[in-house]
Amino acid sequence: MTFSAQIRQAVEPIWAASMKHPFVKGIGDGSLPLENFRFYIQQDSYYLTRFAKILALGAAKAPDIETTNQFADFAKHTYSAEIGLHEQFSKRLGITSEEKECFKPAPTTYAYTSHLYRAGHAGHLGDVIAAVLPCYWLYAEIGDAFLDAAPEEPIYQEWIATYGGKDFQDRVDEQIAHLDKIAAAVSAADCERMKEHFIISSQYEYAFWEMAYRMETWPIPLEN
């Protein structure tokens with residue numbers, strides 16, 4: 001069994017729970033209130049800017065120029081495709097420039113991105129990939145599961161199409177191949193650490209849906 005297959009098997013209960021989460025199911029059947037999706041888009045835009053930086057860090061940690069170029073392309077694609085889509089959604093959802101300027105990440109968003117930074121800066125390229133891979137891979141599985149869904153809300157249709165297409169799956173497959181190649185060459189301790197990154201990120205993916213569904217805030221509100 002490949003390393004990627006092993007870690008995917010390890011997180012099956014978490015990913016199964018994500019598939020059943022009311023936020024995710026609400027996108028698929030169109031029942032999710034746009035207010036919640038609007039909150040999610042703001043949080044996810046913050047997350048994706050940090051995600052792109054971690055991919056750029058992966059480019060710096062790559063062992064050869066070909067892999068450096070690939071990860072630089074991954075970072076660029078995140079910016080041009082996903083962040084670009086979020087900008088379109090923001091306009092359609094009426095998210096103002098003032099809201100963007102005053103935005104503060106919710107606790108889960110802050111913690112998840114902090115985890116990515118810690119895994120990436122403390123480790124090698126395999127740690128970077130293991131930490132970011134659940135975001136790629138889980139979204140691809142959700143997109144694939146919802147390909148035949150027909151929510152009435154056009155924004156939900158576009159979200160599903162973004163992650164359910166072949167282009168996105170190709171990106172996932174590239175990352176999986178990189179991780180398996182690295183796992184075959186590093187120590188058992190390295191593999192265990194990468195597995196832990198993957199599990200923690202998978203937990204945070206579930207927490208991210210829950211955060212958006214509850215529109216999570218910090219526990220003690222402060223005056224601006």
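Please read these numbers as outputs of a predicted model, since none were measured by experiment.
- The hydrophobic cluster containing Leu138 does not contain Leu147, counting ILVMFWY residues as joined when their side-chain heavy atoms lie under 4.5 angstrom apart, directly or transitively.
- In this structure, Ile14 and Gln203 have side chains that are in contact, with non-hydrogen atoms separated by less than 4.5 Å.
- Checked against Tyr156 for a ring pair (Phe, Tyr, Trp, His ring centres under 6.0 Å), the options Phe37, Phe146, Tyr40, Phe23 give a single hit: Phe37.
- A salt bridge does not link Asp173 to Lys166: none of the charged nitrogens lies less than 4.0 Å from a carboxylate oxygen.
- A donor and an acceptor atom, one from each side chain of Ser201 and His115, are located under 3.5 Å apart.
- Counted by atom type alone, Glu205 and Ser18 present zero donor-acceptor pairs between their side chains at under 3.5 Å.
- Taking every heavy atom of both residues into account, Val186 and Cys191 meet most closely at CG2-SG, 3.9 Å.
- Considering only heavy atoms from C-beta on, Glu210 comes within 4.5 Å of Arg214 through its side chain.
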* Asked: Going through the distances and angles, do Arg92 and Glu87 end up as a salt bridge (charged side-chain N to carboxylate O under 4.0 Å, His left out)?
  -> CA-CA 9 Å; Arg92 289 159 62 180; Glu87 286 296 319; over 6 Å; no
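- With hydrogens and angles left out, the side-chain atoms of Tyr163 and Gln169 include no donor and acceptor closer than 3.5 Å.
- The backbone N or O of Ala75 lies less than 3.5 Å from no partner atom in the side chain of Lys53, so there is not a single donor-acceptor pair.
- Hydrophobic cluster membership differs between Phe103 and Ile41, with clusters built from Ile, Leu, Val, Met, Phe, Trp and Tyr side chains linked at under 4.5 angstrom.
- More than 12 heavy atoms of other residues, nucleotides or ligands sit less than 6.0 Å from atom CG of Asp170.
- Of all heavy-atom pairs spanning Thr108 and Glu216, the tightest one is N-OE1, 2.8 Å.
- Although no hydrogens or angles enter the test, the distance criterion places a donor-acceptor pair under 3.5 Å between the side chain of Asn36 and the main chain of Ala212.
- Side-chain contact check for Tyr46 versus Phe51: every heavy-atom pair is 4.5 Å or farther apart.
- Under the 30°/60° scheme for interplanar angles, the aromatic rings of Tyr112 and Tyr204 are found to lie parallel.
- Between the side chain of Ser202 and the backbone N or O of Phe198, at least one donor-acceptor pair lies under 3.5 Å.
- Proximity of His124 to Met194: side-chain heavy atoms (C-beta onward) are separated by under 4.5 Å at one or more points.
- Hydrophobic clustering (ILVMFWY, side-chain heavy atoms < 4.5 Å, transitive): Phe71 and Tyr117 are in one cluster.
- Between Arg193 and Asp190 there is a salt bridge, since a side-chain N of the basic residue sits under 4.0 Å from a carboxylate O of the acidic one.
- When the shell of 6.0 Å around CD of Glu66 is examined, it contains 12 or fewer heavy atoms from other residues, nucleotides or ligands.
- Side-chain contact between Gln70 and His178 is present, with at least one heavy-atom pair separated by less than 4.5 Å.
- With contacts defined as side-chain heavy-atom distances shorter than 4.5 Å, the pair Thr113/Thr49 does not qualify.
- Side-chain contact check for Trp218 versus Tyr110: some heavy-atom pair is nearer than 4.5 Å.
- Thr109 places no side-chain N or O within donor-acceptor distance of the main-chain N or O of Pro105, the cut-off being under 3.5 Å.
- Grouping the Ile, Leu, Val, Met, Phe, Trp and Tyr side chains by contacts below 4.5 angstrom, directly or via other members, places Phe208 with Met215.
- A donor-acceptor pair under 3.5 Å links the side-chain atoms of Glu99 to the main chain of Thr96, judged by distance alone.
- A 4.5 Å side-chain heavy-atom check between Tyr47 and Cys135 finds at least one atom pair inside the cut-off.
- The main-chain N or O of Gly30 is never found under 3.5 Å from a side-chain atom of Glu152 such that the two would form a donor-acceptor pair.
- Remark: Lys100 NZ is packed, more than 12 non-hydrogen atoms of other residues, nucleotides or ligands lying under 6.0 Å away.
- In terms of modelled atom types and a separation under 3.5 Å, the side chain of Asp180 and the main chain of Ser4 share a donor-acceptor contact.
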